[in-house]
Amino acid sequence: MVYQRDQAIKNFKPEPYFELNAEILANQQKFNAKLDPYQRFKDETGLMTFMQAKHVQKGSQDGLIKDVQKQGKKSASPRLFSLSALQTMINRRYHASAADVLKAVQALYEAKYLSYPRTDSQYITDQEFTYLRQNLARYQKLVSKEIALPQIEPQSRYVNGKKVQEHHAIIMTKTVPSQEQLAKLSKLEQQVYDLVLRTTLAMFADPYEYEETTIITQVGDANFKATGKVPTKQGWQALFDDHKADQQEAATLPIVHQGDQVQANLQTPQKETTPPVPFTEGTLITAMKTAGKTLDDEAAQAILKDVQGIGTSATRANVLEVLKKRGYLVTEKNKLHVSEAGITLCKAVELEPLLTSPEMTAKWEQALQQISTEERTPDNFLNQIKKFVEKLIADVPTQLTGSAAIKQQIDHQQQAQKSDEVFLETPQATVLNKQKFYIVKPKQGEDFTLPKKWSSKALGKTAIKALVTKGETSKLKGFKSKKGKSFDAKLKLDGHKLSFDFD
């Protein structure tokens with residue numbers, strides 16, 4: 001999936017297009033409006049033909065307020081968290097990896113602060129709702145702001161026993177930590193607990209209410225639409241005030257009435273289509289969960305919908321970690337990309353499309369369902385897989401050696417690896433970059449290795465250079481003890497042995 005997305009970005013060719021927008025001046029206030037119904041124009045000729053037909057021109061001209069609609073709207077608080085939803089949200093907000101989020105939720109579960117983490121459900125039963133309601137005052141003390149929580153009857157959006165199978169959504173337990181206990185948690189654990197706490201409390205708050213205003217302005221025979229929101233009741237949103245980034249800020253519109261004469265300044269900006277966005281761990285977890293949606297076959301789609309796509313809540317983070325550890329996936333600024341080795345793997349797998357096909361997953365799931373209803377025997381299923389594997393072992397080597405594209409990619413990968421390998425050149429030694437450690441090759445003496453991480457701190461170029469050239473670093477920040485406490489220290493090299501120097 002990441003390889004296909006990377007390819008789509010690489011092969012993307014931007015296409016220019018034109019828009020027709022209006023800046024409306026009403027009561028000394030300006031606001032922007034888009035052509036309604038919205039459309040793009042491939043070239044200037046198409047745009048000019050449209051403008052002539054609608055009797056409008058570029059620049060300033062008279063306009064008329066054709067329609068003003070005000071509508072009170074409500075939005076319910078977010079659903080409770082399944083593990084995938086929590087991993088996606090924490091990655092979006094704090095850029096933590098899926099595996100780190102799972103580790104943090106697991107630690108909070110073991111500390112008895114949060115419920116069981118490996119769940120695919122976003123619902124709880126009446127039983128959990130009851131104890132949450134009984135402990136509301138205690139939970140509320142952990143939120144800096146006093147907020148009304150009047151919704152004390154269960155709502156089906158969150159509470160539905162029929163939709164809870166093995167485990168319910170991730171929520172707080174009856175064990176409510178004190179501020180001191182929370183302060184002792186790691187930063188990510190605090191962030192995870194805080195987000196689960198606020199999202200769960202939001203279920204007891206009133207809906208967020210706002211008034212949506214839509215203004216239609218007529219210019220010539222063309223209509224332009226502007227929409228604005230005015231919050232009328234914060235409701236559950238008050239719990240998330242510190243995360244304005246999650247809320248789409250809408251324009252505030254001036255007070256106008258139907259029939260008002262206004263000035264419209266028509267603009268025709270030229271824009272370009274944009275490439276697809278690279279995956280983050282959060283968006284990839286969501287995409288794995290909904291993998292069935294990419295299938296054309298409706299029956300296969302339905303099966304994968306039942307089994308929640310690729311992997312389970314318990315395994316998705318691990319799938320990503322294995323791919324990262326083996327060097328097939330790399331993370332750059334929270335974006336996931338496929339490495340050269342990953343491209344080689346994907347090109348090889350393309351020769352046997354069944355291997356990466358969600359359809360194959362669907363067929364296997366169907367077979368497992370048939371075993372559970374005794375329409376098929378486990379032996380029959382295993383024999384089919386055995387035949388499939390034997391066929392792969394027989395066919396793939398010939399396919400690989402016969403493919404010019406694969407040969408070319410392997411050469412490309414080997415070239416890239418050679419240039420990647422030299423991490424540092426100093427008069428004393430050459431340092432090679434391996435996946436999990438550095439190899440130091442001194443000009444005289446034996447080779448030795450240095451770790452990439454030491455007491456939870458990543459050792460970068462500056463630290464490694466200091467160790468190789470001077471035998472010690474300056475004081476470094478950010479080491480962590482086994483109990484999770486941060487400390488500062490120098491590192492020194494005795495022979496080939498690394499140790500702390502606290503002087």
Side-chain angles (χ1 to χ4, degrees), residues 70-82 85-86 88-90 92-94 105 108 112-115 119 121-161 163-164 168-183 185 189-213 227-253:
K70 290 191 175 189
Q71 209 178 356
K73 291 197 169 182
K74 290 182 180 187
S75 96
S77 74
R79 292 189 183 278
L80 300 175
F81 284 121
S82 66
L86 183 59
T88 302
M89 184 57 91
I90 292 281
R92 199 173 99 193
R93 284 189 175 194
Y94 307 113
V105 195
L108 290 163
K112 298 193 166 49
Y113 296 150
L114 287 187
S115 62
T119 174
S121 177
Q122 292 189 281
Y123 294 90
I124 55 173
T125 70
D126 287 304
Q127 202 178 338
E128 287 82 47
F129 185 83
T130 305
Y131 86 67
L132 287 170
R133 186 173 57 198
Q134 287 164 351
N135 288 287
L136 273 182
R138 294 169 67 211
Y139 298 130
Q140 245 187 315
K141 283 182 185 158
L142 299 176
V143 183
S144 49
K145 201 182 219 182
E146 191 69 35
I147 175 166
L149 303 174
Q151 303 288 337
I152 50 171
E153 290 307 315
Q155 298 163 70
S156 60
R157 180 176 166 83
Y158 321 97
V159 187
N160 186 339
K163 293 198 177 179
V164 176
H168 57 71
I170 300 171
I171 54 170
M172 302 82 72
T173 61
K174 295 174 194 171
T175 308
V176 185
S178 63
Q179 294 287 7
E180 293 73 27
Q181 285 169 317
L182 278 177
L185 300 173
E189 284 162 18
Q190 288 180 34
Q191 288 166 335
V192 168
Y193 186 82
D194 183 65
L195 188 60
V196 172
L197 172 78
R198 288 169 192 270
T199 303
T200 311
L201 289 180
M203 161 176 76
F204 293 93
D206 280 329
Y208 165 63
E209 293 181 25
Y210 58 93
E211 188 176 71
E212 189 174 83
T213 305
T227 309
K229 275 183 188 177
V230 179
T232 51
K233 191 176 187 180
Q234 278 297 96
W236 61 268
Q237 283 269 30
L239 280 160
F240 297 92
D241 264 359
D242 51 338
H243 281 285
K244 283 281 189 255
D246 290 350
Q247 302 159 25
Q248 290 297 311
E249 288 295 316
T252 309
L253 298 174

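Values reported hereafter were calculated over all heavy atoms of this structure, with side chains retained and with hydrogens, waters and symmetry mates removed.
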Provide the closest heavy-atom pair for [X] versus [Y] in the form atom of the first, atom of the second, distance.
{"X": "Q122", "Y": "A85", "value": "NE2-CB, 3.7 Å"}
{"X": "A76", "Y": "R157", "value": "CB-NE, 3.6 Å"}
{"X": "V176", "Y": "Y139", "value": "CG2-CE2, 3.5 Å"}
{"X": "L197", "Y": "M172", "value": "CA-SD, 3.5 Å"}
{"X": "I171", "Y": "Y131", "value": "CD1-OH, 3.4 Å"}
{"X": "A205", "Y": "G235", "value": "CB-C, 4.4 Å"}

Rounded to the nearest 0.5 Å, how far apart are [atom1] of [X] and [atom2] of [Y]?
{"X": "L142", "Y": "Q190", "atom1": "CG", "atom2": "CD", "result": "11.5 Å"}
{"X": "Y158", "Y": "R79", "atom1": "OH", "atom2": "CZ", "result": "8.0 Å"}
{"X": "L239", "Y": "I147", "atom1": "CG", "atom2": "CD1", "result": "3.5 Å"}
{"X": "L132", "Y": "L149", "atom1": "CG", "atom2": "CG", "result": "11.5 Å"}
{"X": "K74", "Y": "T232", "atom1": "NZ", "atom2": "OG1", "result": "9.5 Å"}
{"X": "Y113", "Y": "Q181", "atom1": "OH", "atom2": "CD", "result": "3.5 Å"}

Contact between [X] and [Y] at the side-chain level, heavy atoms closer than 4.5 Å - yes or no?
{"X": "F240", "Y": "T199", "value": "yes"}
{"X": "K174", "Y": "K112", "value": "no"}
{"X": "K233", "Y": "P207", "value": "no"}
{"X": "Q237", "Y": "P231", "value": "no"}
{"X": "L108", "Y": "L185", "value": "yes"}
{"X": "L114", "Y": "V192", "value": "yes"}

task = Quickly, which of V159, T130, N160 forms a side-chain contact (heavy atoms from CB on, under 4.5 Å) with I124? Name it, please.
result =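 With I124 as partner, V159, T130, N160 yield a single side-chain contact (heavy atoms from CB on, under 4.5 Å), made by V159.
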query = Checking ring pair (Phe, Tyr, Trp, His ring centres under 6.0 Å) for the pair F129/Y123: CA distance, chi angles, key distance, verdict?
reply = CA-CA 10 Å; F129 185 83; Y123 294 90; over 10 Å; no
inquiry  = Taking atom CD as the centre, does E212 end up with more than 12 heavy-atom neighbours from other residues, nucleotides or ligands that are less than 6.0 angstrom away?
reply    =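 More than 12 heavy atoms, drawn from other residues, nucleotides or ligands, come within 6.0 Å of this atom.
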For [Y], does its backbone N or O pair with a side-chain atom of [X] as donor and acceptor, under 3.5 Å?
{"X": "E209", "Y": "G72", "answer": "no"}
{"X": "E211", "Y": "V230", "answer": "no"}
{"X": "R198", "Y": "V143", "answer": "no"}

key: Verdict with reasoning, L80 to T200, per side chain to side chain contact (heavy atoms under 4.5 Å, CB included)   = CA-CA 6 Å; L80 300 175; T200 311; 4.3 Å; yes
Evaluation steps, side chain to side chain contact (heavy atoms under 4.5 Å, CB included), between E128 and V164 = CA-CA 11 Å; E128 287 82 47; V164 176; 5.7 Å; no
Check: S75/Y210 side-chain N/O donor and acceptor closer than 3.5 Å =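 Note: S75 and Y210 side chains miss the donor-acceptor criterion.
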